[in-house]
Amino acid sequence: MTPRQMSPDETLAEMARVLTVEAAALTRMASELGAAQLRAVEILEAMEGRVIVSGVGKSGHIGNKIAATLASTGTPAQFVHATEASHGDLGMVTPRDVCLVLSNSGETSELTDIVTYSRRFGIPLIAITRKPDSTLATQADVTLLLPDAPEACGIGMAPTTSTTATLAMGDALAVAVMKRRGFEREDFKVFHPGGKLGAQLMLVDGLMHKGEALPLVDPDTPMSEALLTMTAKGFGLAGLVEGGRLLGIITDGDLRRNMDGLMARNAGEVATRGPKVIRSGSLASEALHEMNSRKISALFVLDAEDRVVGLLHIHDCLRAGLG
């Protein structure tokens, strides 16, 4: 191997070539979708067990990611390495499952046992391969063909285009099944409770203050009492309510604007009407964005009938890992 000197422009051009080659393969694959892909989605949607994803080498690495994507989007899945399957791991596969087997050539010898096992016990077999006449393709119930496109590496041998296409097909299957099942953000959060992603999917309902903690006053409440409520509840504001519905809000700014004769007024005379609110069931990240963009520190939370059910403070969002 002889190192080659490449200029920055040549290096970037080579990277662009790789991306262009792989993008062309994906575009072609999208244009060739049809009955086979639809049937694969239907099989996965109707499955009662798990998707058993298997492959060897680079296909095995891609298979691990496809299994993870399926599992995180509501389709139970597990990666089983083909070699390990031949040494006991076939016991993980049940008649309720579906096998999704990956092989660019369709002739990977290590896959023989898992393919044979699926045929023996009537387990649906979906193949992703580039060779329509390969052993894997002819044995499968459904064959999803990869485009007969060149590998993007400079010598045309290292798995690049083929692995990208396989991964993209796995994503397409997972997302199509997810869509057909009505899998929504709330469901996604169940499978991603931790870390930054979990925080981004939190709902305002899980962070908001409610009940006796809410600083609420009636329009006729004297400002002397309204000030006590604002101080006692610790949010530096009060919500103006009537019949459980929010009419306005009293903040420090309202107090300053009405300082002259403040104690002779009632809450309804001081409050700013029509404040910005957030709906119950909204993402806390959306509420944080709203507070940041409007430079406010809190939002009242309303239900579908415009009743006040909570109060979300910006500090609640920050403590939860948002921001």
Side-chain angles (χ1 to χ4, degrees), residues 18 21-22 25-26 29 36-37 39-41 43-44 47 49-73 75-174 177:
V18 172
V21 170
E22 295 191 355
L26 297 187
M29 191 163 60
Q37 288 77 17
R39 180 58 184 146
V41 169
I43 289 173
L44 294 175
M47 175 192 66
R50 299 163 301 162
V51 183
I52 303 299
V53 185
S54 190
V56 175
K58 302 299 186 295
S59 292
H61 295 306
I62 297 299
N64 263 301
K65 195 278 180 182
I66 291 176
T69 299
L70 286 164
S72 70
T73 53
T75 300
Q78 177 179 346
F79 179 77
V80 175
H81 194 281
T83 302
E84 299 300 327
S86 300
H87 294 276
D89 282 3
L90 282 175
M92 299 178 182
V93 188
T94 76
R96 295 161 56 89
D97 298 332
V98 171
C99 289
L100 177 62
V101 178
L102 320 176
S103 171
N104 185 45
S105 69
E107 299 294 348
T108 306
S109 60
E110 292 91 339
L111 295 172
T112 300
D113 288 338
I114 195 167
V115 170
T116 301
Y117 188 86
S118 72
R119 303 301 77 195
R120 177 184 176 187
F121 293 101
I123 299 168
L125 173 62
I126 300 171
I128 299 181
T129 182
R130 188 168 58 90
K131 300 291 187 179
D133 299 323
S134 63
T135 301
L136 177 59
T138 56
Q139 289 294 316
D141 296 294
V142 179
T143 298
L144 307 181
L145 290 175
L146 302 174
D148 189 11
E151 299 290 7
C153 75
I155 59 176
M157 296 181 67
T160 46
T161 305
S162 59
T163 48
T164 297
T166 303
L167 179 60
M169 180 57 73
D171 287 344
L173 292 172
V177 174

Nearest non-hydrogen partners of [X] and [Y], listed with the distance:
| X | Y | value |
| --- | --- | --- |
| P124 | I43 | CB-CG2, 4.0 Å |
| A36 | V142 | O-CG1, 3.2 Å |
| S118 | C99 | CB-SG, 4.2 Å |
| L26 | A168 | CD2-CB, 3.6 Å |
| T143 | A137 | OG1-O, 3.0 Å |
| T69 | A174 | CG2-CB, 3.8 Å |

For this session: Verify whether one side chain among T116 and D113 offers a donor that lies under 3.5 Å from an acceptor in the other.
Result: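 D113 and T116 do not have a side-chain donor-acceptor pair below 3.5 Å.
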
Problem set entry | Any side-chain donor near an acceptor of the partner, T160 and E151, under 3.5 Å |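 Judged by distance alone, the side chains do pair up.
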
Taking [X] for its side chain and [Y] for its backbone only, find out whether a donor-acceptor pair lies under 3.5 Å.
| X | Y | answer |
| --- | --- | --- |
| T161 | P150 | yes |
| R119 | Q139 | yes |
| S134 | E107 | no |
| D97 | T94 | yes |
| R50 | M92 | yes |

Taking C-beta and beyond as the side chain, do [X] and [Y] meet within less than 4.5 Å on heavy atoms?
| X | Y | value |
| --- | --- | --- |
| I66 | L167 | yes |
| P159 | N104 | no |
| L44 | L100 | no |

Which distance, rounded to the nearest 0.5 Å, do you find between the [atom1] of [X] and the [atom2] of [Y]?
| X | Y | atom1 | atom2 | answer |
| --- | --- | --- | --- | --- |
| I62 | K58 | CD1 | NZ | 10.0 Å |
| S59 | I128 | OG | CD1 | 9.5 Å |
| T166 | D171 | OG1 | CG | 11.0 Å |
| T138 | L136 | OG1 | CG | 8.0 Å |
| L70 | M47 | CG | CE | 8.0 Å |
| T163 | H61 | OG1 | NE2 | 10.5 Å |

Exercise. Should L173 and L144 be marked as a side chain to side chain contact (heavy atoms under 4.5 Å, CB included) after you check the CA-CA gap, both sets of side-chain angles, and the distance that decides it?
Worked result: CA-CA 11 Å; L173 292 172; L144 307 181; 3.8 Å; yes

Exercise. With sequence neighbours left out, what residues match S103 under side chain to side chain donor-acceptor pair (under 3.5 Å)?
Worked result: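 Testing S103 for side chain to side chain donor-acceptor pair (under 3.5 Å), a comparison that skips the adjacent residues, returns T108.
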
For this session: Start with the C-alpha distance between H81 and E110, add both sets of side-chain angles, then the distance that settles side chain to side chain contact (heavy atoms under 4.5 Å, CB included), and finish with yes or no.
Result: CA-CA 9 Å; H81 194 281; E110 292 91 339; over 6 Å; no

Problem set entry | Given T112, I123, L125, the one that forms side-chain contact (heavy atoms from CB on, under 4.5 Å) with Y117 |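 So the option named by the test is I123.
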
